[in-house]
Amino acid sequence: MGAMQDLEIAVVGAGIAGLTAACALQRRGFRVRVYEQAERLGEVGAGLTITPNAAHALIDIGLGGDLERLGVCPERGGARHWRSGELMARFERGAALAERCGAPYVQIHRADLHDALARAFTAGEGSSLALGHRFERLLENEQGAEIGFANGMRVRADVVIGADGIRSAVRGQLFGAGHPRFTGYIAWRGLVPIEALPPGLIEPQSCISIGPRHTFTRYLIRAGRLVNYVALAERDDWQVESWSVRSEVSELLAEFAGWHEAVRTIIAATPPELCFKWALFDREPLANWTRGRVTLLGDAAHPMLPFLGQGAAMGIEDGLVLARAFEASGTPEEALRRYQAARIERTTFVMRKSAETGREYHRADADDYDTHPHTTAESLGLMAYDPVVASL
Ligand SMILES: Cc1cc2nc3c(=O)[nH]c(=O)nc-3n(C[C@H](O)[C@H](O)[C@H](O)COP(=O)(O)OP(=O)(O)OC[C@H]3O[C@@H](n4cnc5c(N)ncnc54)[C@H](O)[C@@H]3O)c2cc1C
């Protein structure tokens, strides 16, 4: 064991990005302590698309079996016209895409992935996950940092990784709090049991319908037993302070009036307790994520709109590249420099492209949806990246 392996690395935030980083570091022999504000682990939310670029990282940390067991690997994807429902574009997924990229394209319940990550981390050697620890303060010195929590605890760490999401308190301590800005989009997320729908409706298995100022994306999770959807709309009148609230199914149906039958049937079949809405926020890209021995990772570093389905994927990639940078470096400063240099350009690109893609999909002109080419993570080449071998 070298000096690098003796470092005490603190990860703030046990979301998908923080836990991926923690597992990847742990598997490379580093000592990691994760601090999470929640008293109990448990992801909220619904489905998540794990594109091959992120699947590489999850397989590297030993979650390949979980992806296979818990996820759905759709054979085909597609884009439908919002009003006619006509299939305007087909995307090959399944074995063909997995072969091309060297890793699968998987759709999974967030809670299932989060649970698999937490189990992998806590089963690993020397792991520690402290719940009920809300990070508040950072006191740095040359050798590392002392971090203070709302519960009065203080701990020393040689390196601190802020993986505490879009409202990151670590980011606030490094670069000033600022405020995430409301993007004008709101999202509804729903889960519908497959048996509540007429047979043959979910074709292709993964599908986006695109129309004026709205999109509706749906796919299967939990071995095909549940349909997960994300419905996005533009609003300038968002008044609700809360970040995630239950929504009425009737409100969502009214929002998608005039849309093709399959969309409306899925919305109408949503059990009332499984329909949520929230406002989408983002931030300007940062030119630097690191100060001293403290850096940012995942949404804390680069929150983005969901139009390319890459937010969690970027955090997962970050985690793996961070661990590789520590493995390949002689000092923590070098590791953080290499991590940031390897990641910032790609994530900034994806942030900007996610916002642009939202504007492309949501343009107000209703009539040219059948001719317009659609930007996707695939068409931008994002799926070809492999964080396990990408240069550092
Ligand atoms: C509608 C929608 C659809 C999406 N679809 C996809 C998709 O298909 N594919 C995809 O890749 N991404 C998708 N995303 C993006 C994805 O959800 C996020 O990018 C991802 O969850 C961010 O993970 P994270 O671990 O960085 O942050 P978070 O999930 O926010 O986790 C942060 C963690 O830190 C903890 N924390 C916060 N503050 C503190 C503190 N002060 N002290 C200690 N702990 C703290 C929190 O409790 C939490 O556990 C979508 C997002 C939205 C809104």
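Along the sequence shown, residues carry numbers from 1. Both ligands and their constituent atoms are indexed starting at 1 by order of listing.
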Geometry only, no angles: is [X] polar-contacting ligand 1 at N/O separations under 3.5 Å?
| X | result |
| --- | --- |
| Gln37 | yes |
| Ile16 | yes |
| Gly309 | yes |
| Ala300 | no |
| Phe135 | yes |
| Ala313 | yes |
| Ala312 | yes |

At a non-hydrogen distance cut-off of under 4.0 Å, which region of [X] contacts ligand 1 (side chain, backbone, both, or neither)?
| X | answer |
| --- | --- |
| Val170 | neither |
| Arg189 | side chain |
| Ala163 | backbone |
| Arg110 | side chain |
| Val12 | side chain |

Atoms in ligand 1 flagged as close to [X], the criterion being non-hydrogen separation under 4.0 Å:
| X | result |
| --- | --- |
| Arg134 | 41 (N), 42 (N) |
| Gly165 | 27 (O), 30 (O), 32 (C) |
| Leu280 | 53 (C) |
| Ala17 | 24 (P), 25 (O), 26 (O) |
| Trp278 | 53 (C) |
| Thr49 | 7 (C), 8 (O), 9 (N), 10 (C), 11 (O) |
| Gly311 | 10 (C), 11 (O), 12 (N), 15 (C), 19 (O) |
| His133 | 42 (N), 43 (C) |

* Which other residues end up in the same hydrophobic cluster as Met304, if Ile, Leu, Val, Met, Phe, Trp and Tyr are linked when side-chain heavy atoms come under 4.5 Å apart? -> Leu308, Met314, Phe349, Val350, Met351, Leu380, Leu382

* To do: May I ask whether Phe149 has any heavy atom positioned less than 4.0 angstrom from an atom of ligand 1?
  => no

* Pair Glu284-Arg181, salt bridge (Lys or Arg N to Asp or Glu O under 4.0 Å): steps then yes or no -> CA-CA 9 Å; Glu284 272 302 304; Arg181 80 191 150 204; 3.1 Å; yes

Please report the shortest heavy-atom distance between [X] and [Y], naming the atom on each side.
| X | Y | result |
| --- | --- | --- |
| Arg218 | Ile266 | CD-CD1, 3.7 Å |
| Met4 | Pro332 | SD-N, 3.7 Å |
| Ala55 | Leu67 | CB-CD1, 4.2 Å |

* Structure fact -> Partner of Glu146 under salt bridge (Lys or Arg N to Asp or Glu O under 4.0 Å), picked from Arg156, Arg154, Arg137, is Arg154

* Residues in side-chain contact (heavy atoms from CB on, under 4.5 Å) with Ala390, at least two apart? -> Arg324, Tyr385

Centre-to-centre under 6.0 Å for [X] and [Y], is that the case here?
| X | Y | result |
| --- | --- | --- |
| Phe216 | Tyr229 | yes |
| Trp289 | Tyr339 | yes |
| His362 | Phe307 | yes |

* To do: Would you tell me which option among Asp318, Ile316, Asp299, Leu305 has the nearest heavy-atom contact to atom 19 (O) of ligand 1?
  => Asp299

* When you check the gap from the basic side-chain N to the acidic O, do Glu255 and Lys277 get nearer than 4.0 Å? -> no

* To do: Answer with yes or no whether the side chains of Gln310 and Ser354 bring together a donor and an acceptor at under 3.5 Å.
  => no

* Asked: Do Glu86 and Arg80 pass the salt bridge (Lys or Arg N to Asp or Glu O under 4.0 Å) test, and can you show the C-alpha distance, the side-chain angles, and the key distance before you say yes or no?
  -> CA-CA 5 Å; Glu86 192 187 332; Arg80 290 192 184 276; over 6 Å; no

